[in-house]
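Every chain is numbered from 1, with letters handed out A, B, ... down the list of sequences. In what follows, every heavy atom counts, from backbone to side chain, and hydrogens, waters and symmetry copies are set aside.
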Number of protein chains: 2
Amino acid sequence: MTFLGPLADRSKWQIGDNCSIGKAMDVIGSRSAILLLREACYGTTRFDDFVERVGITEAVAAARLKQFVAAGILDRRPYREPGKRTRHEYVLTRMGRDLLPAVLALMQWGDAYLQPNGGPLRVVDRESGGPVTIRPRGESGKDLDLDDLAIVPNDAWTPPRRTIPQPLEGPSDTTP
Amino acid sequence: MTFLGPLADRSKWQIGDNCSIGKAMDVIGSRSAILLLREACYGTTRFDDFVERVGITEAVAAARLKQFVAAGILDRRPYREPGKRTRHEYVLTRMGRDLLPAVLALMQWGDAYLQPNGGPLRVVDRESGGPVTIRPRGESGKDLDLDDLAIVPNDAWTPPRRTIPQPLEGPSDTTP
DNA sequence: CGCCTGGCTATGAGATTGCATAGCCAGACC
DNA sequence: GGTCTGGCTATGCAATCTCATAGCCAGGCG
């Protein structure tokens, strides 16, 4: 991985709290969170199913699900079976579905290196039945490896404000 | 996501401890672990650089690095600068490099949903400068979404033995 | 109208993670 | 051979995560 432009000298800057990976880990960084997410991807929507299939306690499931709903990863919507009272189910939002690459990447890696013969489950293309892989990919469609990548600053990005902007009395010192 | 064959009835089986994602999370599931991994992907190899660039304490860095070496993700190799004593650097093994998809997937998701305008850094193709994406992909090269995937049992896989097999005295109840 | 049940919440204990601070030690340098 | 320094370790405390257990409550049912 190469750093280009102003990033080239790594002693001159630090990513600090602005790292997207760090922010992502704050939301989905616990074991229960990822496993819950796996289940959601598998199609699970109901509280009890989450608890049973993930193998966590109800308290933990409730906490994580609530947190996911607050984060916008899951949508909590009422449902009702005939003769039963109204309950809620948890379905993936767009934001949640877009975590699929992360979930699959972990699974792919675990299958390859942490299991005797590739793990108990295989993910396949529903149409063809062929294998599914997940790798970084360039615009042209070519697979890229670590050495093929470069990092450039994103000029559109602005550091998040964490205090109310002060009335300016000189050049602002917004996280240089 | 659809389950095929014997997996179709989800009330009949549980993945339990055999989940590759769970095993992966046991190794790289903490915040410091992922951030350390990010730095390793960025090309960092030395103890002090890890500590400074990730923003964790030396104790935590030492613990995680040791754990990574034990897991086979990093290789600890001696190096020596002229006039300095021998030290060790930590470089990604094949196993470690193959975590790149997981790291990039998290970054991609964080950039998209947790940042004001796409996060501070952009990953690009070193050759073309074009954007890099990471998505599940079928054999044909087609991008696949959640609904395009299916899960089938992996017949090659055998559950890891954790106890000596008992002499059978009836139908075994190994994780129904 | 009171009981029962499925779905969720509350509480407390133990393990893990992380920070801050201080300490150790191999070996380069004098 | 003593001292200094960069690289790593040890200790103590706070926060978080998870489990186990118990409790609550809406509303269907008798």
**Asked** If we only count heavy atoms from C-beta on, is the Leu92(B) to Leu100(B) side-chain gap below 4.5 Å?
**Response**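 The answer is no; the side chains never approach within 4.5 Å.
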**Request:** Report yes if the side chains of Pro120(A) and Pro153(B) come closer than 4.5 Å at any heavy-atom pair, otherwise no.
**Result:**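 No, too far: nothing below the 4.5 Å cut-off.
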**Asp48(A)/Arg46(A) ion pair, N-O < 4.0 Å** =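 Answer for the salt bridge query: no.
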**Request:** Any pair with a residue in residues 24-44 of chain A that passes ring-ring contact (aromatic ring centres under 6.0 Å, His included), sequence neighbours left out, goes on the list, sorted by first then second residue, please.
**Result:**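 For residues 24-44 of chain A, and leaving out neighbouring residues, the ring-ring contact (aromatic ring centres under 6.0 Å, His included) pairs sorted by first residue read Tyr42(A)-Phe3(B).
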**Message:** Heavy atoms from C-beta onward define the side chain here; which of dC19(D), dC19(C), dT18(D) lies closest to that of Val60(B)?
**Reply:**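 Minimum distance to the Val60(B) side chain belongs to dC19(C).
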Sub-3.5 Å pairs of nitrogen or oxygen atoms, protein against nucleotides 4-9 of chain D:
| residue | atom | partner | partner atom | Å |
| --- | --- | --- | --- | --- |
| dG6(D) | N2 | Arg85(B) | NH1 | 3.0 |
| dG7(D) | OP2 | Asp48(B) | OD2 | 2.8 |
| dG7(D) | O4' | Arg87(B) | NH1 | 3.3 |
| dC8(D) | N4 | Glu58(B) | OE1 | 2.7 |
| dT9(D) | OP1 | Lys66(B) | NZ | 3.3 |
| dT9(D) | O4 | Glu58(B) | OE1 | 3.4 |

**Message:** I need the Arg31(B) CZ to Ser30(A) OG distance, nearest 0.5 Å.
**Reply:**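 These two atoms lie 13.0 Å from each other.
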**Asked** Within this structure, what is the CG-to-P distance between Leu65(A) and dT18(D), rounded to whole angstrom?
**Response**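 Distance check: Leu65(A) CG to dT18(D) P gives 13 Å.
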**Prompt:** Under a 4.0 Å heavy-atom cut-off, which of residues 24-40 of chain B touch DNA chain D?
**Reply:**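 Those residues whose heavy atoms fall under 4.0 Å from DNA chain D, taken from residues 24-40 of chain B, amount to none.
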Residues in side-chain hydrogen bond (donor to acceptor under 3.5 Å, both in side chains) with [X], at least two apart?
X	answer
Arg38(B)	none
Arg53(B)	Thr44(B)
Arg87(A)	none

